[in-house]
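Notes to accompany the following structure.
No hydrogens, no waters, no symmetry mates; every other heavy atom, side chains included, goes into these values. Naming convention: chains lettered A, B, ... in sequence-line order (proteins, then strands); numbering from 1 in each chain.
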2 protein chains.
Amino acid sequence: MDLVEELRNRGLKVTPQRMAVLRVLSEGGHYTGEQIYETLKKTEPGISLSTVYNALETLREARLINSFEARGATWYEFRKEPHANVICVDSDEILDVDVDLSNLTSSINSKGIKVKGVNLVVYGECGKSGESFHQ
Amino acid sequence: MDLVEELRNRGLKVTPQRMAVLRVLSEGGHYTGEQIYETLKKTEPGISLSTVYNALETLREARLINSFEARGATWYEFRKEPHANVICVDSDEILDVDVDLSNLTSSINSKGIKVKGVNLVVYGECGKSGESFHQ
DNA sequence: AGGGGTTCCTGGAAAAGTTTTAAATTGTTG
DNA sequence: CAACAATTTAAAACTTTTCCAGGAACCCCT
C-alpha cells in the first residue's frame, strides 16, 4: 500500500504539503519541524510553518512517520521498525541503531500495560566529531 | 554518601534552593520544572523559576537526578536504576516500570558507541483514567 | 472528463508553554 | 572576610499550538 492510499484509507486528504513533508522524511534522517520547513521553503514557496506542524501531526497519527523528543525539540523520521535513536554527544548526529525491543515490550505488556509506542533515546559517544545538519 | 557530600565532592555549593529541589524529587514521582517551582513556592518564598532550572541542570550533571523529555516538556525524577518511564495515555500518569536494559546497552556498546545515558519512554494504556498531579 | 457542493486543510499571525540568558545582587565556602 | 559561585528578576528565545478566514481536495453526478 503506498502512502497516498494509506492517507485516503484513513479519510485524510492528499495535499501537496503533506506529500512534500513525506518526501523529505522518506529520504531518511531525523528532522525537527523547523528543519523540514527550511528544507521545503526552497521547493514549496508559500508553505508555512504551521502547515508543516499540522502535516507532521497528521502523518504521525496515521503512523506514516515516527517522532521522539530530545534536546528540547521533537524529531521526526520516516516510519520504520522500532529502534534506538542514538544521540552522539560528540558530533551532534542522531543515528538509528537496530536493537530488539520485543522483550522489553512484552515485559511491559505483562505488567498490565498495553504498549502503544516506544521511544528509546540513547546518549552516547560515537567517536566522530563536528556538526552535521542532516540528522 | 549523602547528597550534601556528593555536591561538595563535585565542587558544587550546597544552597538551600538546590536542597529544596532535591527534597521534592526525593519523595518520588515525576515533575516538570514548572511543577517543582509551584511546589517550592509554598515553602521557599522568593525562589525563582530560573533558579529551579539552574538547580535541576546542575543536579542532573552531577547525576543526582535523571531527566527525560516527553509531552513537550522535560521531566525530572530522583536518580534510580535505569527503567522505563511509562506514560499512560488514558490517565496522564507517568509510571516507573523496572525493565532490564543491560542487554540493550551492551548491544549498542558493541557497535562502537559508548552509551552515556538511556531514556526509555513508553506510551501505553494502563487501564486507569482521570488526572493525577503527582506524576 | 467536468462541475458543484461539502468537508477538510492551509496560511498567517498571535499566543502559549517551556527553557535560557543577562546583569546585578546575594550567599557559600575556605 | 575575601573570592567566587549561585540566585534573582526580567526579558528574551525557542518550539509548538491555536484561531479562523480563505482555499483546495474529494465525492457524486451527469
Side-chain angles (χ1 to χ4, degrees), chain A residues 3-23 30-41 43-62 64-65 67-76 92 94 121 135, chain B residues 3-24 30-41 43-62 64-65 67-76 92 94 121 133 135:
Chain A
L3 298 171
V4 169
E5 210 174 331
E6 293 203 51
L7 282 173
R8 291 223 169 100
N9 283 350
R10 295 168 186 276
L12 300 170
K13 292 185 175 170
V14 179
T15 67
Q17 294 84 354
R18 288 174 179 176
M19 295 314 290
V21 169
L22 280 175
R23 207 179 314 124
H30 307 80
Y31 303 81
T32 65
E34 175 72 24
Q35 288 176 339
I36 293 172
Y37 172 62
E38 291 300 327
T39 302
L40 286 182
K41 270 203 309 195
T43 54
E44 317 286 317
I47 197 171
S48 78
L49 186 55
S50 57
T51 296
V52 170
Y53 276 111
N54 285 339
L56 286 169
E57 175 59 12
T58 300
L59 297 171
R60 199 188 56 72
E61 283 177 357
L64 303 186
I65 64 178
S67 71
F68 61 95
E69 293 169 59
R71 302 194 153 178
T74 305
W75 297 85
Y76 296 89
D92 267 0
I94 301 181
V121 177
Q135 302 179 309
Chain B
L3 297 170
V4 170
E5 210 174 331
E6 293 203 52
L7 281 173
R8 291 223 169 99
N9 282 352
R10 294 166 188 277
L12 300 170
K13 293 188 173 167
V14 179
T15 68
Q17 293 83 356
R18 286 174 181 175
M19 296 312 291
V21 169
L22 280 174
R23 206 179 316 123
V24 172
H30 307 81
Y31 304 81
T32 65
E34 175 72 23
Q35 288 176 341
I36 294 172
Y37 171 63
E38 291 300 327
T39 303
L40 287 182
K41 270 202 309 194
T43 54
E44 317 287 316
I47 197 171
S48 76
L49 184 54
S50 54
T51 295
V52 171
Y53 276 110
N54 286 339
L56 286 169
E57 175 59 12
T58 301
L59 298 171
R60 199 188 55 72
E61 283 177 356
L64 303 186
I65 64 178
S67 72
F68 62 94
E69 294 168 58
R71 303 195 151 177
T74 305
W75 297 84
Y76 296 89
D92 267 358
I94 301 181
V121 176
F133 181 73
Q135 301 179 308

Rounded to the Å, how far apart are A/Gln35 CD and D/dT15 C1'? 12 Å

B/Tyr37 and its side-chain contact (heavy atoms from CB on, under 4.5 Å) partner, picked from B/Val52, B/Val24, B/Val21, B/Thr32: B/Val52

Do any N or O atoms of the protein come closer than 3.5 Å to N or O atoms of nucleotides 19-21 of chain D, and which pairs are they?
none

Less than 4.5 Å apart, any side-chain heavy atom of B/Leu7 and any of B/Leu59? yes

With sequence neighbours excluded, what pairs up with A/Glu44 under the side-chain contact (heavy atoms from CB on, under 4.5 Å) test? A/Ala20, A/Arg23, A/Leu40, A/Ile47

Note the angle between the end axes of the helix from C/dA1-D/dT30 to C/dG30-D/dC1, five pairs defining each, rounded to 10 degrees. 50°

Between A/Arg71 (CZ) and C/dT20 (P), how many Å, whole number? 13 Å

Rounding to a whole Å, what distance do you find between A/Tyr53:OH and C/dA16:C1'? 14 Å

To the nearest angstrom, the OH-P distance between B/Tyr31 and C/dT18 comes to 17 Å

Partners passing salt bridge (charged side-chain N to carboxylate O under 4.0 Å, His left out) against A/Arg8 (at least two apart in sequence or in another chain): none

Salt bridge (charged side-chain N to carboxylate O under 4.0 Å, His left out) partners of A/Lys41, counting only residues at least two apart: A/Glu38

Nearest-nucleotide comparison on DNA chain C, the residue closer to the 5′ end among B/Thr74 and A/Arg18: A/Arg18

Contacts of B/Ser50 that satisfy side chain to side chain donor-acceptor pair (under 3.5 Å) - sequence neighbours left out: B/Ser48

Partner set under side chain to side chain donor-acceptor pair (under 3.5 Å) for B/Glu57, not counting sequence neighbours: B/Arg60

Phosphate OP1/OP2 of C/dT10 contacted by A/Thr51 side-chain N/O (<4.0 Å): no

Heavy atoms under 4.0 Å, any strand shown: does A/Gly11 hit a base, just sugar-phosphate, or nothing? nothing

Rounded to whole angstroms, how far apart are CG on A/Leu7 and C1' on D/dA25? 12 Å

Report the residues that fulfil side chain to side chain donor-acceptor pair (under 3.5 Å) with B/Ser67, sequence neighbours left out, ordered by chain and then residue number. none

What is the nucleic acid contact for A/Leu49, judged by heavy atoms within less than 4.0 Å: base, sugar-phosphate only, or nothing? base

From CZ of B/Phe68 over to C1' of C/dT19, roughly how many Å is that when rounded to an integer? 17 Å

Taking CD from A/Glu57 and C1' from D/dT18, how many angstroms apart are they, rounded to a whole number? 13 Å

Restricting both atoms to N or O, compile the protein contacts to nucleotides 28-30 of chain C shorter than 3.5 Å, with distance only.
{"from": "C/dT28", "atom 1": "O2", "to": "B/Lys13", "atom 2": "NZ", "distance (Å)": "3.3"}
{"from": "C/dT29", "atom 1": "OP1", "to": "B/Arg8", "atom 2": "NE", "distance (Å)": "3.4"}
{"from": "C/dT29", "atom 1": "OP1", "to": "B/Arg8", "atom 2": "NH2", "distance (Å)": "3.1"}
{"from": "C/dT29", "atom 1": "OP1", "to": "B/Val14", "atom 2": "N", "distance (Å)": "3.3"}

With sequence neighbours excluded, tell me which residues meet side-chain contact (heavy atoms from CB on, under 4.5 Å) with A/Ala70. A/Phe68, A/Trp75, A/Ile87, A/Val121, A/Tyr123

So which pairs with a foot in residues 46-55 of chain A pass salt bridge (charged side-chain N to carboxylate O under 4.0 Å, His left out), sequence neighbours left out? none

Nearest whole Å is fine: how far is D/dT7 P from B/Leu40 CG? 12 Å

Do A/Leu3 and A/Val14 make a side-chain contact, defined as non-hydrogen atoms from C-beta onward lying under 4.5 Å apart? no

Scan for salt bridge (charged side-chain N to carboxylate O under 4.0 Å, His left out) pairs involving residues 11-21 of chain A, sequence neighbours excluded, and state none if there are none. none

